[in-house]
Amino acid sequence: MKKIGFICGSLRTGSYNKVLLNEMIRLAPKDWDTSVISFKDLPLYNYDEEGESEADSVTLFRESIHNVDGIIIVSPEYNSGIPGPLKNAIDWASRTKHKDDKSPLINKPFAVAGGSPGNIGTALGQMQIRQSLLAMNAQVMAGPKLIVGRVHEKINEDTHNLDDERTQKHINSFLSSFNNWVEKF
């Protein structure tokens, strides 16, 4: 059984990316034990607050990353880039409570996905997320990419579920590839 964590890059209750994340969990391989890792309670990163004085939410967030075999980040794109709260979370995860520890991001398998109402989806934001993770020596899956443009048109207005068959096929391919990626590590 693989433990796979999902992180949604949006804090918005009605986020399209939460719908996309939930669809990915629904379609996940049967041998996955999935969980959602939240960063909503993290304080703004501040060097003065790390180490022994860090907030419990930071410790819990880092431990949640450490305790899974791989992570899929499903994120929107804000102003052609990474959402600020998600970048803050990555910055906290890149640090350690004790100076002799190593970041839970190091060598952790990651994949990045996302959807947006725009035609090019979250291509630019995903590049920045990958760049931050690669700088921390995370193992980021290069492809296939899952970039869902015009995501709002693929969500059923009545059920609030993603029910677009073409997108579901792309999700299945993405999840299968990530399953193989996690096995390499």
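It should be emphasised that the depicted structure is a prediction, and the values quoted were computed from it without experimental measurement.
Cluster membership for V148 and I129, using ILVMFWY side-chain heavy atoms within less than 4.5 angstrom, is not shared. When the side chains of ILVMFWY residues are joined at heavy-atom separations under 4.5 Å, either directly or via intervening members, V151 and I25 end up in a single hydrophobic cluster. Under the 4.5 Å side-chain heavy-atom criterion for grouping Ile, Leu, Val, Met, Phe, Trp and Tyr, F185 is connected to I4 within one hydrophobic cluster. V112 and L124 sit in two unconnected hydrophobic clusters of ILVMFWY residues. Membership requires side-chain heavy atoms under 4.5 Å apart, directly or through other members. In this structure, M141 is a member of the same hydrophobic cluster as V74, with clusters built from ILVMFWY side-chain heavy atoms closer than 4.5 Å.
Counting non-hydrogen atoms of neighbouring residues, nucleotides and ligands closer than 6.0 angstrom, the OH atom of Y47 reaches no more than 12 such neighbours. Enclosure of atom CG in D31 by more than 12 non-hydrogen atoms of other residues, nucleotides or ligands within 6.0 angstrom is indicated. The 12-atom threshold is not exceeded at NZ of K3, counting heavy atoms of other residues, nucleotides or ligands nearer than 6.0 Å. In this structure, N79 places its CG atom where only 12 or fewer heavy-atom neighbours from other residues, nucleotides or ligands lie under 6.0 Å away. A 6.0 Å sphere centred on CD of E165 holds no more than 12 heavy atoms belonging to other residues, nucleotides or ligands.
Between E54 and R95, none of the side-chain N atoms (NZ, or NE/NH1/NH2) sits under 4.0 Å from a carboxylate O, so this pair counts as no salt bridge.
Residues L146 and M24 form a side-chain contact, since some pair of their non-hydrogen atoms from C-beta on lies under 4.5 Å apart. Side-chain contact between H152 and Y16 is present, with at least one heavy-atom pair separated by less than 4.5 Å. Within the 4.5 Å cutoff, no side-chain heavy atoms of K145 are placed close to those of F174. Within the 4.5 Å cutoff, the side chain of L20 has heavy atoms near those of the I171 side chain. Looking only at side-chain heavy atoms (C-beta outward), C8 and S75 stay at 4.5 Å or farther from each other. With a 4.5 Å cut-off on side-chain heavy atoms, N22 and L162 do not count as touching. In this structure, the side chains of Y78 and S10 come closer than 4.5 Å at one or more pairs of heavy atoms. Looking only at side-chain heavy atoms (C-beta outward), L175 and I72 come within less than 4.5 Å of each other.
Residue pairs satisfying the salt bridge (charged side-chain N to carboxylate O under 4.0 Å, His left out) criterion with at least one member in residues 72-91, sequence neighbours excluded, are listed as follows: K87-D91.
Here the CE atom belonging to M136 is positioned 10.0 Å from the CZ atom belonging to F110, to the nearest 0.5 angstrom. Here the CG-NZ distance, from N137 to K102, works out to 9.5 Å after rounding to the nearest 0.5 Å. Between atom CD1 of residue I120 and atom CZ of residue R150 there is a gap of 12.5 Å, rounded to the nearest 0.5 Å. Put simply, CZ on F6 and CG on N17 are 13.0 Å apart, with the number rounded to the nearest 0.5 Å. Put simply, OG1 on T167 and CG on N172 are 11.0 Å apart, with the number rounded to the nearest 0.5 Å. Separation of atoms NE2 (H170) and CG (D164) is listed at 8.5 Å; rounding is to 0.5 Å.
Side chain of S15 to backbone of K18: a donor-acceptor contact under 3.5 angstrom is found.
Closest heavy-atom contact between P76 and G9: CD-C, 3.7 Å. Pairing each heavy atom of L105 with each of I90, the nearest pair is CD1-O, 3.9 Å. Taking each heavy atom of R62 and P104 in turn, the nearest pair found is CG-CG, 3.5 Å. Heavy-atom minimum distance, V140 versus R130: CG1-CG, 3.7 Å. Nearest heavy atoms, V58 versus P43: CG2-CD, 3.8 Å. Taking every heavy atom of both residues into account, N107 and Q139 meet most closely at OD1-NE2, 3.0 Å.
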Is there a side-chain contact (heavy atoms from CB on, under 4.5 Å) between K97 and E50 once you walk through the steps?
CA-CA 6 Å; K97 187 168 188 169; E50 65 176 51; over 6 Å; no
List the steps, then state whether side-chain contact (heavy atoms from CB on, under 4.5 Å) holds for I71 with I7.
CA-CA 7 Å; I71 295 178; I7 295 175; 3.9 Å; yes
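Side-chain atoms of E49 and S53 form no donor-acceptor pair, as typed in the model, at a separation below 3.5 Å. A side-chain donor from one of N156 and D163 sits under 3.5 Å from a side-chain acceptor of the other.
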Using a 3.5 Å cut-off and no angle test, enumerate the donor-acceptor pairs between side-chain atoms of residues 32-42 and protein atoms at least two apart in sequence or in another chain.
from : atom 1 : to   : atom 2 : distance (Å)
W32  : NE1    : N179 : OD1    : 2.7
S38  : OG     : K40  : N      : 3.2

